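Right, one structure below, let's go through it.
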Protein chains: 2
Amino acid sequence: MENRIERIKTQLHSQSYKLTPQREATVRVLLEHEEDHLSAEDVYLLVKEKSPEIGLATVYRTLELLSELKVVDKINFGDGVSRYDLRKEGAEHFHHHLVCIECGTVQEIDEDLLGDVEKIVERDWQFKVKDHRLTFHGICSKCQKKSE
Amino acid sequence: MENRIERIKTQLHSQSYKLTPQREATVRVLLEHEEDHLSAEDVYLLVKEKSPEIGLATVYRTLELLSELKVVDKINFGDGVSRYDLRKEGAEHFHHHLVCIECGTVQEIDEDLLGDVEKIVERDWQFKVKDHRLTFHGICSKCQKKSE
DNA sequence: ATATATGCAAAATCTTTGCACTTCT
DNA sequence: AGAAGTGCAAAGATTTTGCATATAT
């Protein structure tokens, strides 16, 4: 945890950004909720618990900055809000998601499932892949059992 | 073209919706721009050219309705707007997209690239896949040539 | 010192809703 | 007639911006 913050600090400094207390508080919230998919508002409320003076605009600006640095990924599951998801350290690619259309749960898949598909895209479409977004919509195992 | 409108009409009627002139105008715009990824505003402006009396709210309501009927898919490429993409007739799954991070072009891939991946997800995560969203971000062939 | 960052409130965007009116069947 | 659909303007929701103040190196 402290290590990761340290590394993010270095990354910020290398581009002459600062790791202010507000930014650190935001990063900590993200680290403590790695499995969730928080909206800016969610992050704001959680940061506010420990640093009540923070403003929503700062959270937006911080998330935007972390996005640029590829520390977080901005995703959108189709409800009107952007969600922010911490990138696994060292992960070249964004992980995948399983969204349950019954209960709304979002599950993460860290495994790289797209290696072969990317090769096909690069070969057949001459498209140099840099990143991807893959989300499956369907019914999670719990909901399948429920409806039996 | 006329065939497709006829079939959409039938589909609407089967759930006691009507194909009003406004809805038909909207569908025609979508058919004429199958390769594009229009926002609600884009659709509105195009419909307005031929049916100036239409309102933006109606366009939103129509797109929402067509979305429910799975005639269009609502997608989001991360700029703050939803885009609407006509589903290929008979296509079980949503097609894929290649977004160029240099020029912003969006290319479509109709081929199903995810058959094997879906099998893995169903087997290893007990997740019943109903649909998917796959977007690659990278550099299109044109932009690759430009920067050589 | 000086560039960077913050908080607040205002503005900008995108989308949805209420309501009176119109249009189909 | 009655349900369904429309247009307009107002309201909601999310995100961005301007600006005066505060903070870090």
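Predicted, not measured: the structure shown is a model, and the values here were computed from it. A, B, ... follow the sequence lines: proteins, then strands. Residue 1 opens every chain.
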Nearest to the side chain of [X], which nucleotide is it out of [options]?
X     : options                : answer
A:T58 : D:dT15, C:dG7, D:dT23  : C:dG7
B:A57 : C:dT6, C:dC14, D:dC8   : D:dC8
A:V81 : D:dT16, D:dA3, D:dT14  : D:dT14
B:A40 : C:dT6, C:dT15, D:dT14  : C:dT15
A:H13 : C:dC14, D:dT25, C:dC24 : D:dT25

- Could you check A:H137, A:H37, A:R133, A:R83 and say which one makes a side-chain hydrogen bond (donor to acceptor under 3.5 Å, both in side chains) with A:H97? A:H37

Grab the [atom1]-[atom2] distance between [X] and [N] for me, whole Å please.
X     : N      : atom1 : atom2 : answer
A:I54 : C:dC8  : CD1   : P     : 10 Å
A:Q15 : D:dA24 : CD    : P     : 21 Å
A:D79 : D:dA13 : CG    : C1'   : 12 Å
A:L12 : D:dT23 : CG    : P     : 19 Å
A:D42 : D:dA13 : CG    : P     : 15 Å
A:K18 : D:dA22 : NZ    : P     : 15 Å
B:L19 : C:dT25 : CG    : P     : 10 Å
B:E24 : D:dG5  : CD    : P     : 15 Å

- Item | Electrostatic pair A:E2:A:R28 at N-O distance under 4.0 angstrom | yes

Side-chain N or O of [X] versus OP1/OP2 of [N]: is the shortest distance under 4.0 Å?
X     : N      : result
A:T20 : D:dA24 : no
B:R61 : D:dG5  : no
A:Q22 : D:dT23 : no
B:Y60 : C:dT15 : yes

- Looking across every strand, which nucleic acid part, if any, lies under 4.0 Å from B:S82 by heavy atom: base, sugar-phosphate, or nothing? sugar-phosphate

- Touch check for A:E53, heavy atoms < 4.0 angstrom, all strands: base, sugar-phosphate only, or nothing? sugar-phosphate

- Task: Please figure out whether B:Y44 or B:Y17 has its closest DNA chain D nucleotide nearer the 5' end.
- Result: B:Y17

Are there over 12 heavy-atom neighbours, none belonging to [X], within less than 6.0 Å of that residue's [atom1]?
X      : atom1 : result
A:F77  : CZ    : yes
B:K9   : NZ    : no
B:D116 : CG    : no

- Task: Could you go through the side chain to side chain contact (heavy atoms under 4.5 Å, CB included) check for B:V71 and B:V27 one step at a time?
- Result: CA-CA 9 Å; B:V71 172; B:V27 171; 5.9 Å; no

- Item | Nearest-nucleotide comparison on DNA chain C, the residue closer to the 5′ end among B:P21 and B:K74 | B:K74

